[in-house]
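By convention in this document, chain letters (A, B, ...) are assigned in the order of the sequence lines, proteins followed by strands, and residues within each chain are numbered from 1.
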2 protein chains.
Amino acid sequence: MQSRTRVPRATGRPRSAAADAAILAATREALVELGWSKLTLGDVATRAGVAKTTLYRRWAGKNELVVDAVAELFDELRLPDRGSLAADIEGVVLQFAAILARPEAACGLMAVVAESTRDDALRARIRTSIVEPQKRLVLQGRERAQQRGELPAESDPAEAARTVDLIFDVVAGAVVHRTLVSAEAADEEWVRGFTRILLLGLTST
Amino acid sequence: MQSRTRVPRATGRPRSAAADAAILAATREALVELGWSKLTLGDVATRAGVAKTTLYRRWAGKNELVVDAVAELFDELRLPDRGSLAADIEGVVLQFAAILARPEAACGLMAVVAESTRDDALRARIRTSIVEPQKRLVLQGRERAQQRGELPAESDPAEAARTVDLIFDVVAGAVVHRTLVSAEAADEEWVRGFTRILLLGLTST
DNA sequence: GCCATTACGCTACGACTCGTAGCGAAAGCT
DNA sequence: AGCTTTCGCTACGAGTCGTAGCGTAATGGC
């Protein structure tokens with residue numbers, strides 16, 4: 001959220017928070033209708049009922065705008081306690097799949113990831129705005145499973161951190177690939193099969 | 001390969017195969033230097049030493065061109081027999097990671113996948129040109145493991161097909177996510193950890 | 001060897017998007 | 001009030017898009 005991390009001046013006319021929300025919503029709407037490459041900032045400004053210059057005063061370009069617009073979508077992810085590790089994983093994977101099934105999330109996320117291969121600053125922004133915040137779900141799930149006795153306590157903290165990263169890559173990657181590349185729904189049946197494989201690998205040894 | 005599936009007329013000047021190769025190579029070069037959004041077809045034509053009109057006569061647009069340019073990169077994937085299922089998996093995952101580490105592969109693939117969320121024809125083209133051909137690796141690996149006695153023979157063919165799709169999504173998805181989103185190398189240590197989890201899930205039960 | 005056919009290189013074109021600059025009006029704070 | 005910053009609007013040169021038209025080059029059929 002570039003515009004929110006800015007320290008607002010004590011004086012002068014404050015920026016309209018409503019304009020921020022309208023612009024991000026308009027960006028998602030335009031992503032659905034036009035896709036990434038045909039999305040123009042002028043069009044977004046028109047949809048949001050805002051002057052094009054206002055948009056350029058807040059975001060440096062298309063990349064940064066779409067990152068913020070997409071990041072909001074992933075904030076709603078939660079990890080409700082369903083009683084077992086398997087049920088917890090299935091629940092959060094289904095939530096994640098539901099978000100990715102929305103065209104604006106899929107289209108925007110993949111596009112900025114593609115651009116980030118040539119732009120280190122953008123990659124860092126994606127990580128801090130979208131990816132890292134969601135690792136809390138993996139940590140939370142492991143902690144619960146350990147309290148239930150489903151997973152052993154970690155002895156090596158470094159190894160534990162690596163495992164969290166690995167799990168996150170496997171879960172997020174598999175759902176993304178299933179949904180976007182294989183282009184088939186990550187429905188309950190698929191999630192059950194996926195969870196089974198993942199769980200066996202986690203609980204053994 | 002749009003231009004190759006065309007039935008060449010018996011008469012008239014044939015299309016230059018060298019131009020095809022030069023255009024696809026120039027596309028990959030431009031992807032490395034400029035990324036997806038700043039890549040222009042005019043620039044690609046100049047790099048390839050070809051008129052812009054020639055490029056438009058062979059490909060409908062940027063999407064189709066990049067799909068073909070990226071597809072060539074994945075043709076080199078092989079599954080050498082390393083003696084065990086674990087070693088086979090580690091070998092092919094490392095190969096896949098090596099390809100994805102190249103900016104032109106990562107950038108191009110993610111960009112067209114992003115565009116495909118709004119374009120069914122493009123999605124189908126990606127699947128037939130890039131994704132489906134590589135599933136042979138999963139089939140080949142399973143067959144070898146069954147001959148070695150590492151995996152049981154499949155009883156239900158439909159279930160077996162679903163498993164192949166699942167494995168493919170997990171492997172490809174995890175490597176992509178690790179490389180592009182988490183932005184860390186899928187090196188030997190990571191691949192070992194990943195293979196361990198995957199194998200336990202496959203061999204148990 | 002000539003001819004029909006197709007591909008090629010080149011130029012030019014209108015339409016569109018980009019990102020920026022300049023202006024007067026609006027909205028907040030002290 | 002007075003000061004400061006934002007906002008909407010217009011206009012601008014630069015760059016890209018995809019296409020059309022033309023003359024030339026390279027084939028195969030006769």
- side-chain hydrogen bond (donor to acceptor under 3.5 Å, both in side chains) with R102(B): which residues, sequence neighbours excluded? E104(B)

- Task: Work out how much the helix from dG1(C)-dC30(D) to dT30(C)-dA1(D) bends between its end axes, five pairs an end, to the nearest 10 degrees.
- Result: 30°

- Can you tell me how far P of dT16(D) sits from CG of L65(B), to the nearest Å? 16 Å

- Query: What is the distance from CG of L34(B) to C1' of dT16(D), rounded to the nearest Å?
  - Reply: 13 Å

- Say whether S37(A) and E115(B), considering side chains only, have a donor N or O and an acceptor N or O under 3.5 Å apart. yes

- Where protein sits on nucleotides 13-25 of chain C, one letter per nucleotide: B base, S sugar-phosphate only, - none, heavy atoms under 4.0 Å: ----SBBBB----

- Item | Validation row: I197(A), V170(B) side chains within 4.5 angstrom (heavy atoms) | no

- Mark yes or no for whether T46(B), through its side chain, and G42(B), through its backbone, hold a donor-acceptor pair below 3.5 Å. yes

- Item | Point-to-point distance, once rounded to the nearest 0.5 Å, from CZ of R118(A) to CZ of R123(A) | 10.5 Å

- Task: Start with the C-alpha gap between R136(A) and Q134(A), add the side-chain angles, then the distance that decides, and say whether side-chain hydrogen bond (donor to acceptor under 3.5 Å, both in side chains) holds.
- Result: CA-CA 5 Å; R136(A) 63 189 162 83; Q134(A) 308 310 333; 3.0 Å; yes

- Query: Roughly, in whole Å, what's the span from CD in E64(B) to P in dC17(D)?
  - Reply: 14 Å

- Query: Would you say the side-chain atoms of Q146(B) and R148(B) include a donor-acceptor pair closer than 3.5 Å?
  - Reply: no

- Query: Looking only at heavy atoms, which two atoms of G141(B) and L85(B) are closest? And how far apart?
  - Reply: O-CD1, 4.2 Å

- Item | Between C1' of dG8(D) and CG of L55(A), the distance in whole Å | 13 Å

- Query: Under 4.0 Å between a side-chain N or O of T11(B) and OP1 or OP2 of dG29(D)?
  - Reply: no

